[in-house]
Amino acid sequence: MKKVKRFCLVGLLLLGATAAGAQDEIETTISGDVVSSYIWRGQDLGNVSLQPTLGIGYKGLSLSAWGSVGLTDANDTKELDLTLAYTLGGLNIGITDYWFNAGLDPENRYFKYDAHGTNHLFEATVGYDFGVASLQWYTNFAGNDGVNKDGKRAYSSYFEVVVPFKLSAIEWTATAGAVPWATTSYGTTGFAVTNLALKATKDIKVTDTFSVPVFAEVSGNPCSQKVYLVLGFTLQP
């Protein structure tokens, strides 16, 4: 697993070093979302949550940390995700290291990377933004992945189509996502549509120089027969 991680990291760094036409200065991202429920790819992962982001980017190459912690339920899973990504035009590729404080390791140790006893999950992604719509594919390749019908590593995957549009001065996105094969990670027994969502975002002006993006999203998971409505807002400098 460590060799895979090193190879992918070196590859992305080389791509970033040879790229041209991207931003010439280091960019820093600091933000945080507060959401009424933590819904991810059609799955319910928690109640009211705080989800901070810290990231840096240079010439298309970016490294970011994203986390989630429950605010109303102490039993909600705490999460920390590290993502190394590269963007060139509409193309994007990346690797994410997900870590959860619950799962295989009862001690919840972050720096435990045993092949069959880690709470880390490693995912590769590739996608393209066509402007009118974007396509994204995600596949787990190492770590605490789910299993298929035969009890073997499922290489759990998910893909989605996102279409942005504007209506009544509000930014909208429509999302359709599916899991291509059986995996316990998404609770599927074969191909299944797991995420149909519609999200609206509007900036609420607080002062002449400060506004807060507020969003609402209704989503459904046809596979699990669940429907969710989430309200949230984003704080950023």
Does [X] use its side chain to pair, donor to acceptor, with the backbone of [Y] at less than 3.5 Å?
X    : Y    : answer
T207 : T209 : yes
T184 : V147 : yes
D129 : G131 : yes
T125 : Y138 : no
T118 : K112 : yes
H120 : Y113 : no
R153 : G143 : yes

*Heavy atoms of other groups near F130 CZ, more than 12 under 6.0 Å*: yes
Parallel, tilted or perpendicular: rings of [Y] and [X] (30°, 60°):
X    : Y    : value
F100 : Y98  : parallel
W66  : Y38  : tilted
F165 : W172 : parallel

For [X] versus [Y], what's the shortest heavy-atom pair and its separation?
X    : Y    : value
T139 : Y155 : CG2-O, 3.8 Å
S156 : S185 : OG-OG, 3.3 Å
V193 : N221 : O-OD1, 3.8 Å
Q236 : F210 : O-CE1, 4.0 Å
W137 : S157 : CZ2-CB, 3.8 Å
A197 : E217 : CB-OE2, 3.7 Å

Reported [atom1]-to-[atom2] distance for the pair [X] and [Y], which is rounded to 0.5 angstrom:
X    : Y    : atom1 : atom2 : value
E160 : S134 : CD    : OG    : 7.0 Å
L229 : L198 : CG    : CG    : 11.0 Å
Q51  : S68  : CD    : OG    : 4.0 Å
R41  : N195 : CZ    : CG    : 9.5 Å
F122 : L82  : CZ    : CG    : 9.5 Å
L71  : N47  : CG    : CG    : 10.0 Å

So do the side chains of [X] and [Y] get within less than 4.5 Å of each other, counting heavy atoms only?
X    : Y    : answer
V206 : S211 : no
T201 : K199 : yes
D76  : V48  : no
F141 : E123 : no

Co-membership, hydrophobic cluster, residues [X] and [Y], 4.5 Å side-chain:
X    : Y    : answer
I30  : I56  : no
I170 : F233 : no
I39  : F215 : yes
L231 : L45  : no
F159 : L91  : yes

*Going through the distances and angles, do V163 and T173 end up as a side chain to side chain contact (heavy atoms under 4.5 Å, CB included)?*
CA-CA 5 Å; V163 178; T173 56; over 6 Å; no
*Would L121 and D145 count as a side chain to side chain contact (heavy atoms under 4.5 Å, CB included) if you check the C-alpha gap in whole Å, the side-chain angles of each, and the deciding distance to 0.1 Å?*
CA-CA 6 Å; L121 174 64; D145 190 15; 4.0 Å; yes
*Going by atom types only, do N101 and E79 share a side-chain donor-acceptor pair under 3.5 Å?*
no
*Worked check of side-chain hydrogen bond (donor to acceptor under 3.5 Å, both in side chains) between T234 and D33*: CA-CA 4 Å; T234 302; D33 290 344; 2.6 Å; yes
_So that I know where these two stand, are F191 and W181 an aromatic pair - ring centroids less than 6.0 Å apart?_
no
*When you look at Y228 and V218, which way does the side chain to side chain contact (heavy atoms under 4.5 Å, CB included) test go after all the steps?*
CA-CA 6 Å; Y228 311 99; V218 58; over 6 Å; no
